[in-house]
Amino acid sequence: MSQANTVIVTGASQGIGAAVVEAFLVRGYNVVATSRSVSKAGASKTSPRLKLVDGDIGEQDTAARVTRAAIETFGSIDTLVNNAGIFFVKPFIEYTQDDFKRLASTNLEGFLYMTQLSIRQMLAQKTGGSVVTITAALADNPIAGVKASVPMISKGGLNAVTRALASEYAKQGIRVNAVAPGIVDTPLHKDNPKDFLKTLSPMGTVSDAKDIANAVLFLTEAATITGEVLHVDGGSHIGKW
């Protein structure tokens, strides 16, 4: 795609987000990267095609500042990657009100505010666009022993809104897709034994953050794919193994 195309990446300071930022920069995109402390994270190289914006994605003001930075710095918003998300496991009956509010703020409100403003700009540009959201394979295929029921309220909801928005904005050329990872080698799993993590997919593999970034890039540039939830999970969405 043209070097003039601009992508916003949320949750960009480490793991999947940092890999996505790097993949788009290598591909020649302008990138606006945001997270609570992305300017201090050091995960992204300095580049004239990279703009860093600190902020809590669950706050409406952050989305406003990020979109404004994209337009003022690079002149457009062509792609949005909703990567920011939090995930933790515990038995269903032990999730607290505060747990739910944290999940909803980052995973749902962050998506809502950022996507509304990005699509509004894409509509004004009248050149189409792409939204790719990181969800989770667990939303489609729970794994016994991985007690992630409440986080999956948000991730399953993101799968649903992906398909709804793909339909709503298809005529305007705005494509909306999702990548549903399984287990990924990121700081989230730094304390989990690798041998155990490998049992959570039929292929017995753990994805690298670059695997997810490559899937995001593919969906961004796949001109006739919309409403797709692409599983990058070693086959865990297939079912029992």
Side-chain angles (χ1 to χ4, degrees), residues 9-24 33 35-36 38 41 43-44 57 81-92 94-95 99-100 102-108 110-111 131-163 177-220 228-241:
V9 181
T10 71
S13 60
Q14 62 180 7
I16 293 170
V20 169
V21 168
E22 180 65 19
F24 276 99
S35 75
R36 289 176 189 269
V38 69
S44 300
I57 201 64
V81 180
N82 288 303
N83 168 70
I86 59 173
F87 174 84
F88 48 89
V89 297
K90 59 172 72 173
F92 173 70
E94 293 180 13
Y95 281 96
D99 289 337
F100 186 76
R102 286 174 55 215
L103 287 161
S105 176
T106 300
N107 298 3
L108 296 178
F111 169 90
V131 177
V132 181
T133 300
I134 306 300
T135 63
L138 281 169
D140 295 317
N141 189 68
I143 298 173
V146 181
K147 298 178 175 68
S149 56
V150 175
M152 289 311 107
I153 294 173
S154 62
K155 295 298 188 177
L158 293 174
N159 285 344
V161 75
T162 290
R163 291 186 288 267
N177 295 291
V179 175
I183 302 300
V184 185
D185 187 11
T186 68
L188 180 71
H189 294 294
K190 68 181 186 301
D191 297 324
N192 302 128
K194 286 286 173 61
D195 288 344
F196 166 71
L197 295 177
K198 288 179 179 179
T199 68
L200 300 180
S201 77
M203 288 183 69
T205 56
V206 175
S207 297
D208 186 84
K210 289 182 180 178
D211 296 324
I212 312 306
N214 288 339
V216 170
L217 197 58
F218 165 72
L219 288 174
T220 298
E228 180 68 29
V229 178
L230 178 59
H231 292 82
V232 185
D233 61 1
S236 66
H237 69 287
I238 296 168
K240 187 174 174 62
W241 59 89

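Not measured: the values here are computed from a predicted model.
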Closest heavy-atom contact between [X] and [Y]?
| X | Y | result |
| --- | --- | --- |
| A148 | L138 | CB-CD1, 4.2 Å |
| G17 | V9 | O-CG1, 3.9 Å |
| A19 | K210 | CB-N, 4.2 Å |
| K155 | I134 | NZ-O, 3.2 Å |
| G11 | A84 | N-CB, 3.6 Å |
| A136 | A180 | C-CB, 3.8 Å |

Main chain of [Y], side chain of [X]: is a donor-acceptor contact present, judged purely on distance under 3.5 Å?
| X | Y | result |
| --- | --- | --- |
| N177 | V132 | no |
| S154 | P151 | yes |
| D233 | P181 | no |

From [X] atom [atom1] to [Y] atom [atom2], the distance as rounded to the nearest 0.5 Å:
| X | Y | atom1 | atom2 | answer |
| --- | --- | --- | --- | --- |
| D140 | S236 | CG | OG | 9.0 Å |
| D211 | T205 | CG | OG1 | 8.5 Å |
| T162 | L230 | OG1 | CG | 12.0 Å |
| I57 | N82 | CD1 | CG | 7.5 Å |
| I212 | S207 | CD1 | OG | 4.5 Å |
| N107 | T133 | CG | OG1 | 11.0 Å |

- [ ] Assess whether side chain to side chain contact (heavy atoms under 4.5 Å, CB included) is satisfied between R163 and V229, documenting all intermediate values.
- [x] CA-CA 8 Å; R163 291 186 288 267; V229 178; 3.7 Å; yes
[X] side chain near [Y] side chain, heavy-atom distance below 4.5 Å:
| X | Y | value |
| --- | --- | --- |
| L158 | L108 | yes |
| D99 | K90 | yes |
| V150 | L103 | yes |
| V179 | F218 | no |
| F24 | V216 | yes |

TODO: Please assess V89 against V146 for the test side chain to side chain contact (heavy atoms under 4.5 Å, CB included), listing each intermediate value before the final yes or no.
DONE: CA-CA 7 Å; V89 297; V146 181; 4.3 Å; yes
Open item on the list: Do T135 and N159 pair up side chain to side chain, a donor and an acceptor below 3.5 Å, judged on atom types alone?
Closed with: yes
Task: Whether Y95 and F88 hold their rings parallel, tilted or perpendicular, with breakpoints at 30° and 60° - done: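 Tilted: the ring planes of Y95 and F88 meet at 30° to 60°.
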